[in-house]
A.B. asks: 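Below are the C-alpha cells for one structure; questions will follow.
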Amino acid sequence: MRTCRGLPVGGTSRAAAHLSSSRSPVMMAASLSHKTRAMRLSQYPIQTTKETPAEAEIVSHQLMLRAGLIRRLSSGLYSWLPMGLRTLRKAEAIIREEMNRAGALELLMPVVQPAELWQESGRWKEYGPELLRLKDRHQRDFVAGPTHEEVITDIARRELKSYRQLPVNFYQVQTKFRDEIRPRFGVMRAREFIMKDAYSFHADAASLEQGYRLMHEAYTRIFTRMGLQFRAVKADSGPIGGDVSQEFHVLAASGEDAIVFSDADEYAANMEAAAALPPREPRPAPRESLARIATPGAKTIEALAGLLKIEPSRCLKTLLVEGEGENEVVALLVRGDHELNATKAQRLPGVASPFRMADAERIQRATGAQVGYIGPLGLKCRIYADHAALAVADFVCGANEKDMHLTGVNWDRDVQGYVAADIRNVVEGDPSPSGKGALKLARGIEVGHIFQLGRKYSEKMHAAVLDESGQEVTVHMGCYGIGVTRVVAAAIEQNHDERGILWPEPLAPFKVVLVALGQQKSAEVRERAERLYAELTGAGIEVLFDDRDARPGVKFADAELLGIPHRLVVAERGLAAGRLEYRHRRDSESVEFPVDEALAFLKDRLGR
RNA sequence: CGGGGCAUGGCGCAGUCUGGUAGCGCAUCUGCUUUGGGAGCAGAGGGUCGGGAGUUCGAAUCUCCCUGCCCCGACCA
C-alpha cells in the first residue's frame, strides 16, 4: 500500500473496477479520466468568463482565456488547463501519427543543455539575449534549449557510424525556451512553448532532398488533417547559400507575417524571400533637366510628393545603411512608394551583417545632410538601386542639403556608378517570379518550418559516417519544426465567431457536448441524459456532459464558447414528442430526431 | 533597449487631481423563487489598495526608490 502512488496501471484499474459500482458521479468521472473519453461539467472546476481579460489583444488569446484553456503565469509563460490540454494533445497526436507514418523516430532530449555544445557549434556567441543562459551550483554554464540542433548532432555523431544507418529522422515533442524581446498574443508568441522538432541525417545531398520532400508531404498531411487553411511558402535561405527552406503558414488576417502568392500557379513565398522582377518596359528617355528646388520641411516622401503635386512613385528614397568597413555606409535606392526589404539588402556585398540603418551622425558625415534630404548625386559610397527605381526617368530625390531636393534627375546622365539589385518588398499586383500571374498578399501565422541545413552543424561538430568505400563523409542534415502550442492558437484565430471557438473536429477537446435542460425538475431528462452519456461514451465518442444545475442560456453560451462541434440537447419539451435536438456548432438551426436513434444519428454526423 | 501606460477582492473597473481610514459590476457561498439563450429577491464571505522608505495628526490618494505587467517603436528618410 505504501507504493500506491507509484502504481499507476494496476492501482488505478483496480480502483476503477471498484468505483464503477458506485453511483457517485465524482468517482465515475475519476474512473474514466485516465481514458479521457468523457467529462462531466459538474465535476470540472474551471470557469468561463463573459468578460474579456484586458491583457488579451487578439481573438485566439481572448477566447483561450475566456474558455479557460490557458492561464498566464508570467510574461510569456502559460499553464494549460485540462480543456486546453486536450486540444494540445490532439494536435500532438496528429503530428506523431504523421511523423511516424513518414518513418521518423521519436526520441526525447533535455531542455537544459551544457554550454560546451553551443560553444562547439558557435551559437554560444552567435545567439543573442534570446538564449536563456543558466549556471548550475558548480558555476557551469547551461542553456535552456531554444532548439536542439546541437544535442541531436551530438547524438548523431555518437550513434551513427555507417552510411547503412542512413537516412534517419529523429523527432521529439518538447518544451523550448526563447527569451523573446516581447512575448505577446498569449501562446502565439510565448517564451516557453512546445515544439515538434525533427532532424534528418543523410549520406548525401540527394538523400537530404528526398527526406525534405517527405517532410513536406508529412506537414501537408498534418495541417490538412487538422482542418486548417494553410500555405507552404518559400522562405529566405539566409546567409548560407544553396540551402532550401519553406515555411508553413496558417492563413489568418491577424497573422504577424506577410506572405505572397501567385494568382495563377503554385508560387508562394514569404515577404523576405519573394523576388521582385525588373519591370519589362524600358526606362523612358529623359525630358527634364536637372534642377535644385527648395522643399522646406519636406522630410518624407509623402510630404515631398504633396508639396510638388506629383506621385510618390516619381520620387526615389535614398536609404543609408551601415557598410562592412569601419564607418562605411551603403546607399540603397527604392521608389518612393516601395519599401526596402532588409533581408535582401543584407545579402548585398558591402552591407554590414546584421543589417543596420546608419545613424544620424554617419549620415551627416557621408552626405553632409540629414535624413529626408539624401540623394545619390555626389555620394562617395556604394550605391544599389532597386530595379523599379531604375525604371523611373525625371525623378525627384534629395539634394544632400537641408530643405533642398533635386528634380528632373536621370540615371546615367546625372547618376553613375550604381549597381542594380532587387532590394524592395513586392507589392500586390507585381508579376509573379514564377512567370505566371500576378502576386497577391496575405497574412499568415508561421506554424511550421522545414529546412535543408546541409552540413552546417555536422561539419562543426564532426558528425560523419563511413561510406561504401570506407571513406569518412560528413552527414547532411535537415531540420523540421512545428509550433504545437502555436498551432492551437492559430486554429482558433482561423476558426471562431462572435460567440466563441469553432474547433475543427480533429482538434476539438470533445466531439460532442451533451446538454441536459431542466434535469433538476425532470427525472425523465435526467435519466435519458445519463443513458445517452453512457451510450455515447461506451461507443468511444468523446462527450462533454453538461449536467450542471444551470440555466439553458448559460449552458448554450458555454458550449458555443468552448466550440465543441456537435451539440445534443435533452429537454422535457423534445422528450414529450420522443425527440432529441442536434445542432452543429457551425449551423444556425437545430434539427430534431427520434430519441432512440441518437447513436446512429451522431455517428453519421461525426467526421463529416 | 527606447518611449508611453497600468498596478485597488478571482475577473473587469471607479475612487487618486482636491489626503479623512475603500466601493461598483461579474464571479463565489446560503435561502427562497425561476428554468429553451449568460435569471430575480434577500443575505454572506473575500482587499497588508504591487513592495519599501518618506511627508502628515491622518496616505489607495502627495514625494522618492524598487518590482511586475501591458502597449508602441526599434525598415524611418
A.B. asks: Is B:rG43 paired to anything, Watson-Crick or G-U wobble with both distances less than 3.5 Å, and if yes, which nucleotide?
C.D. replies: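 Check on B:rG43: paired to B:rC29, both distances under 3.5 Å.
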A.B. asks: Has the side chain of A:Lys344 got a donor or acceptor atom that lies under 3.5 Å from a matching backbone atom of A:Arg424?
C.D. replies: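 Checking the backbone N and O of A:Arg424 against the side chain of A:Lys344, a donor-acceptor pair under 3.5 Å is found.
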A.B. asks: Could you tell me whether the side chain of A:Glu581 has a donor or acceptor atom within less than 3.5 Å of a complementary atom in the base of B:rG36?
C.D. replies: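 Result: at least one qualifying N/O pair found.
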A.B. asks: Take atom P in B:rC32 and the same atom in B:rG38, then report the distance between them in whole Å.
C.D. replies: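 To the nearest whole Å, 24 Å.
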A.B. asks: My understanding is that a pair needs two contacts under 3.5 Å, Watson-Crick or G-U wobble. By that rule, which nucleotide pairs with B:rA7?
C.D. replies: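 Per the H-bond distance test, B:rU67.
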A.B. asks: Expressed in whole Å, how much space separates the P atoms belonging to B:rC13 and B:rU8?
C.D. replies: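 It comes out at 10 Å once rounded to the nearest Å.
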A.B. asks: Tell me whether the NZ or CZ atom of A:Arg86 lies within the 45° cone about the ring axis of A:Phe510 and under 6.0 Å from its centre.
C.D. replies: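 Verdict for A:Phe510: a cation-pi partner in A:Arg86.
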A.B. asks: Taking only the P atom of each, what is the distance from B:rA14 to B:rG5 in whole angstrom?
C.D. replies: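 One P to the other, the span is 16 Å.
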A.B. asks: Using only heavy-atom distances, decide whether a donor-acceptor pair under 3.5 angstrom links the side-chain of A:Gln47 to the base of B:rG10.
C.D. replies: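 Not at all, since no donor on one side and acceptor on the other fall under 3.5 Å apart.
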A.B. asks: Determine which nucleotide pairs with B:rU16, using a 3.5 Å limit on both distances of a Watson-Crick or G-U wobble pair.
C.D. replies: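 None - no nucleotide pairs with B:rU16, as no candidate has both distances under 3.5 Å.
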A.B. asks: Taking the same atom, P, in B:rG4 and in B:rG10, what whole-Å distance lies between them?
C.D. replies: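 It works out to 31 Å between them.
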A.B. asks: If I pick the P atom on B:rG46 and the same atom on B:rG23, what distance separates them, to the nearest angstrom?
C.D. replies: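 Their P atoms lie roughly 13 Å apart.
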A.B. asks: Taking the P atom of each, how far is B:rA60 from B:rG9, in whole Å?
C.D. replies: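 About 14 Å, rounded to a whole number of Å.
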A.B. asks: Taking atom types as modelled and ignoring hydrogens, do the side chains of A:Ser245 and A:His449 form a donor-acceptor contact shorter than 3.5 angstrom?
C.D. replies: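 Note: A:Ser245 and A:His449 side chains meet the donor-acceptor criterion.
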A.B. asks: B:rA39 P sits how many Å from A:Gln520 CD, rounded?
C.D. replies: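 One finds 14 Å between P of B:rA39 and CD of A:Gln520, rounded.
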A.B. asks: Salt bridge or not for A:Asp257 and A:Arg443, using N-O below 4.0 Å?
C.D. replies: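 The answer is no: the pair does not qualify as a salt bridge.
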A.B. asks: Can you tell me the Watson-Crick or wobble partner of B:rU48, both distances under 3.5 angstrom?
C.D. replies: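 Pairing partner, where one exists within any strand: none, as none qualifies.
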A.B. asks: Who does B:rU34 pair with, Watson-Crick or G-U, both distances under 3.5 Å?
C.D. replies: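 Check on B:rU34: unpaired, no WC or wobble geometry under 3.5 Å.
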A.B. asks: Considering only atom P, compute the distance from B:rC17 to B:rC11 and round it to an integer number of Å.
C.D. replies: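 About 26 Å, rounded to a whole number of Å.
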A.B. asks: With heavy atoms under 4.0 Å as the rule, sort A:Glu51 into base, sugar-phosphate or nothing.
C.D. replies: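 Contact class for A:Glu51: base.
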A.B. asks: Please report the distance separating the P of B:rC66 from the corresponding atom of B:rC24, rounded so that it comes out in whole Å.
C.D. replies: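 Going atom to atom, P in each nucleotide, I get 36 Å.
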